[in-house]
Student: 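Supplied in C-alpha cells, the structure appears directly below.
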Amino acid sequence: MSRQSASSEHPLVRHVIEQEQAERAPQDSGRQLAALLGNLPGMAYRCRNDEHWTMEFVSQGCYRLTGYQPDELLGNRQIDYNDLIHPEDRARVRAEVQRGITDNREFHLTYRIHTPDGTEKHVWEQGVAILSPDGQVAALEGFITDITEQKQAEQALQRSNGQLEQRVKDRTAEMRAIYDGIVDGVLIADIETQRFLLANAAATRMLGYGVEELTSLSVSDVHPADRIEWIMGRFLEHVAGRVDRTPDMPYRQKDGTVRCNDIVTSRIEYRGRPCLIGFLRDVTERRQAEADLRREKETLRLLLLASDHERRVIAYEIHDTVAQQLAGAGLHLEGYRQAREKDPERAAEAFDAGMQALRACQADVRRLIAGVRALSLDQAGVEVAIRQLIRALQRESGPVVEFQCDVQFNRLESVQENAIYRIAQEGLRNVCKHSRSPRARVELVQAGDRVRIVVQDWGQGFDPADIGGYHFGLDAIRERARLLNGHAEIQSQPGQGTCVTVDMPLMLREDDE
C-alpha cells in the first residue's frame with residue numbers, strides 16, 4: 001500500500017476531507033442555482049407581502065426583463081417593482097394577486113411594464129404566497145417572463161383575423177347589395193320540404209311579403225289554389241331537370257292579387273341542403289301590354305270592317321236612290337227637251353217629273369250626309385243634333401222616342417260630340433232594325449265631370465252571350481267609349497228589351513270652360 005493511500009485512510013485525514021467537502025457543497029449548490037436562474041428567460045423573485053412588494057431576492061434575469069440590475073430592485077433601493085407596472089394595469093394586478101392569496105392558490109396574470117428606456121413589455125407572472133409558521137403570509141415567490149413577442153404575434157394575428165373578417169363582411173355586404181339590387185326576384189326553396197330558405201328584396205316586393213314572412217312559407221303558399229296541382233307538377237319537373245324555364249307562371253301576392261312571372265331555375269346546395277333557386281321576372285304588365293296590342297289590332301280590324309261596311313251601305317244607298325233618281329231625272333229632262341216644241345203639254349209633264357226626281361235626290365243626299373256627319377252637330381251641338389235625329393226617325397214612322405237631356409255644358413270637343421251622336425244613332429238604329437219596340441228612350445245626363453248616354457227600348461231583346469258574326473254597331477259603341485276613356489255596358493234579355501249605357505269623362509271645348 002502506498003504512503004498516500006495509507007494517509008487518506010487515516011480517520012483524522014478522512015474527517016478533514018469530509019469537512020472540507022461539506023463546507024464546499026452549499027457554495028457549489030449556490031453557484032449551480034445561480035447559474036440555473038441566470039439562464040432562465042425571465043426573473044425569479046421573492047418579495048415581502050407589503051404595500052410596495054419589497055424585493056428580498058431577484059435572479060440575474062432581472063436586467064434582461066426590467067432594465068434594472070438586481071441590486072437596484074433588492075430592498076426597493078432604486079425603484080419599486082410596483083412602479084414598473086403600467087398605471088392602467090396596477091389595480092387589476094394587485095386585485096388578482098390578492099385573490100390568489102385569499103383563495104390560497106397560485107396566481108397567474110399578464111400585464112405591462114415599462115423599462116428605464118421607455119420600452120413597454122408584456123409579461124406573464126406565476127406566483128404563490130409563502131406562509132409563516134403561524135399561518136400568516138410572509139412573502140410572495142414567483143417567476144416573471146417576457147411575452148412581448150408572443151403578445152405582438154397574437155395582436156398581429158387578431159388584426160389579421162379582424163382584417164379578414166372585415167373583408168369577408170365587406171364582400172358579403174357587396175354580394176348582398178348585388179343580390180338585393182337584382183331587379184328579378186330570387187327565391188331558394190328546399191327540394192325536400194318545398195319551403196323557402198332565402199328571398200331577395202325584389203322577391204319580397206313582387207309577392208308583398210316581408211323576408212321573415214316569405215321564408216316561413218312553402219312553394220304552394222304563393223300560387224293560386226286552383227293551380228296548385230299543375231304548379232307542384234311543374235316544380236317536380238324543374239327539380240328533375242326536365243325543364244329549367246316556365247313562362248307565365250301565376251303567383252298570388254299577399255293581398256290575393258295574381259300576377260304572371262317567367263321563372264328560370266337550377267339546382268344548388270344551400271346550407272348543406274339540396275335546393276332549387278328560381279329567378280322570377282314579373283311579366284304581368286308586358287303580357288297586359290301584349291293583350292292590349294292584340295285588342296287594338298282587333299279593334300282596328302273591326303273598325304276597318306265596320307268602315308268598309310258603312311261605305312258599302314252608303315254605296316248601295318247612292319246606287320239605289322241617288323243614282324237612280326239622277327238617271328230618272330235625266331230621262332225626264334231629255335224627254336222635255338225633245339217635246340217642248342212639238343208637244344208642250346207632254347214636255348211640261350216630263351219637266352215636272354224630272355224636277356220631282358231631283359228634289360227626291362236632294363233629300364236623299366242630305367239624309368246620306370246626315371248619316372255620315374250631321375250638319376247640326378257642328379252648328380248647334382250634340383243636344384240639338386240628337387233631337388233632329390229623333391225627329392227624322394219619327395218622320396220615317398219609327399218608334400216613339402222620349403228624349404231626356406240634363407246637362408250644364410254648352411259644347412264639347414268635336415270628337416266627343418261626334419262619339420255621343422254616333423252612339424245615340426247606332427242605338428236607335430238597332431231599335432228600328434232589331435228591337436221591334438214601339439217606344440224608346442234616350443238620356444243625355446251630366447254628373448259632375450262625366451257624361452252618360454243611355455238608349456233603352458222595351459222590345460224583343462237578346463242574349464249578349466249568343467251574338468255571333470260581326471255586330472259592328474255594338475262593337476262600334478264599345479270602342480268609341482273605350483277610345484274616349486269611357487265604358488259601355490249593354491244589358492239585354494230575350495223578351496225584356498235592351499239598355500245601352502255609356503259613361504265617359506267630359507271633354508269640354510275650350511270656349512265652354
Side-chain angles (χ1 to χ4, degrees), residues 224-227 250 258 287-288 290-314 316-317 371 382 386 389-390 392-394 396-406 416 418-445 447 450-505:
D226 59 345
R227 301 294 303 278
V258 176
R287 294 291 184 263
Q288 184 61 48
E290 291 172 351
D292 290 344
L293 181 59
R294 288 193 297 271
R295 181 180 177 184
E296 291 296 336
K297 289 181 178 179
E298 180 63 16
T299 297
L300 179 60
R301 187 178 71 85
L302 291 175
L303 289 177
L304 289 174
L305 288 172
S307 177
D308 184 63
H309 173 75
E310 289 181 353
R311 285 196 298 269
R312 272 186 279 174
V313 170
I314 293 171
Y316 293 148
E317 290 276 354
V382 68
I386 292 176
L389 174 67
I390 293 172
L393 182 66
Q394 292 179 336
E396 297 175 1
S397 300
V400 176
V401 179
E402 177 189 356
F403 180 47
Q404 178 184 346
C405 183
D406 183 11
Q416 189 170 44
N418 186 61
I420 293 173
Y421 178 80
R422 290 299 179 191
I423 290 168
Q425 184 185 46
E426 190 61 46
L428 290 174
R429 183 181 298 168
N430 288 336
V431 172
C432 294
K433 291 177 63 177
H434 306 293
S435 171
R436 301 177 184 174
S437 175
R439 64 188 182 96
R441 177 185 178 87
V442 177
E443 295 180 9
L444 181 63
V445 179
R450 302 188 71 83
V451 61
R452 184 177 71 252
I453 312 99
V454 179
V455 180
Q456 185 175 7
D457 68 69
W458 289 266
Q460 63 183 7
F462 61 93
D463 185 351
D466 292 339
I467 296 178
Y470 296 111
H471 294 270
F472 303 116
L474 296 179
D475 289 337
I477 289 174
R478 291 190 183 95
E479 292 309 318
R480 289 182 193 279
R482 187 181 65 82
L483 291 173
L484 294 179
N485 297 318
H487 172 72
E489 183 179 5
I490 299 173
Q491 296 177 319
S492 183
Q493 291 185 16
Q496 298 186 23
T498 301
C499 183
V500 176
T501 304
V502 175
D503 179 83
M504 63 179 71

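Residue numbers count from 1 along this sequence.
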Student: Answer yes or no: is there a side-chain heavy-atom contact under 4.5 Å between T501 and I453?
Tutor: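 Not in contact.
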Student: Decide side-chain hydrogen bond (donor to acceptor under 3.5 Å, both in side chains) for E489 and Q491; before the verdict, give the C-alpha distance in whole Å, the side-chain angles of both, and the deciding distance to 0.1 Å.
Tutor: CA-CA 6 Å; E489 183 179 5; Q491 296 177 319; 3.0 Å; yes
Student: Rounded to the nearest 0.5 Å, what separation is found between the CG atom of L444 and the CD1 atom of I420?
Tutor: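 Those atoms lie 5.5 Å apart.
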Student: What closest approach, in Å, do S437 and P399 show between heavy atoms, and which atom pair accounts for it?
Tutor: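 So the minimum-distance heavy-atom pair works out to O-CB, 3.3 Å.
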Student: Report the distance from atom CG of D457 to atom SG of C499, rounding to the nearest 0.5 Å.
Tutor: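 Output value for this atom pair is 8.5 Å.
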Student: Is the closest side-chain heavy-atom distance between V502 and R452 below 4.5 Å?
Tutor: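 Heavy-atom side-chain distance check fails, nothing below 4.5 Å.
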Student: On a heavy-atom basis, which atom in D503 and which in R450 lie closest, and how many Å separate them?
Tutor: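 In terms of heavy atoms, the two residues are closest at OD2-NE, 2.6 Å.
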Student: Test N430 against F462 for side-chain contact (heavy atoms from CB on, under 4.5 Å), laying out the working first.
Tutor: CA-CA 12 Å; N430 288 336; F462 61 93; over 6 Å; no
Student: Between V454 and V442, is the side-chain contact (heavy atoms from CB on, under 4.5 Å) condition met? List the steps.
Tutor: CA-CA 6 Å; V454 179; V442 177; over 6 Å; no
Student: Which heavy atom of T498 sits nearest to which heavy atom of G461, and what is that distance?
Tutor: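 Where T498 meets G461 most closely, the heavy atoms are OG1-CA, 3.8 Å.
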Student: Are any of the side-chain heavy atoms of I423 and Q425 separated by less than 4.5 Å?
Tutor: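 I423 does not reach Q425 side chain to side chain.
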Student: Is there a side-chain contact between S492 and D463, using heavy atoms and a 4.5 Å cut-off?
Tutor: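 No, side chains not in contact.
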Student: CZ of R436: more than 12 outside heavy atoms within 6.0 angstrom?
Tutor: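 Counting other residues, nucleotides and ligands, CZ of R436 stays at 12 neighbours or fewer.
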Student: To the nearest 0.5 Å, tell me how far F403 CZ sits from I386 CD1.
Tutor: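 Separation between the atoms: 4.5 Å.
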Student: Are V431 and V401 close enough, and set up right, to give a side-chain contact (heavy atoms from CB on, under 4.5 Å), and what steps lead you there?
Tutor: CA-CA 10 Å; V431 172; V401 179; over 6 Å; no
Student: Output yes when a side-chain donor or acceptor of Q460 lies under 3.5 Å from a complementary backbone atom of H434, and no otherwise.
Tutor: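 Flag set: sc Q460 to bb H434 pair under 3.5 Å.
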Student: Taking atom types as modelled, is there a side-chain donor on Q404 or E402 under 3.5 Å from an acceptor on the other?
Tutor: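 There is no such pair between these side chains.
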Student: Less than 4.5 Å apart, any side-chain heavy atom of R441 and any of R439?
Tutor: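 Not in contact.
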Student: For V455 and L428, which heavy atoms make the closest approach, and how far apart are they?
Tutor: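 Residues V455 and L428, closest heavy atoms: CG1-N, 4.1 Å.
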Student: Could you walk me through whether V451 and M504 pass side-chain contact (heavy atoms from CB on, under 4.5 Å), step by step?
Tutor: CA-CA 6 Å; V451 61; M504 63 179 71; 3.7 Å; yes
Student: If you take all heavy atoms of P505 and Q416, which pair is closest and at what distance?
Tutor: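 Smallest interatomic distance, heavy atoms only, reads O-NE2, 2.7 Å.
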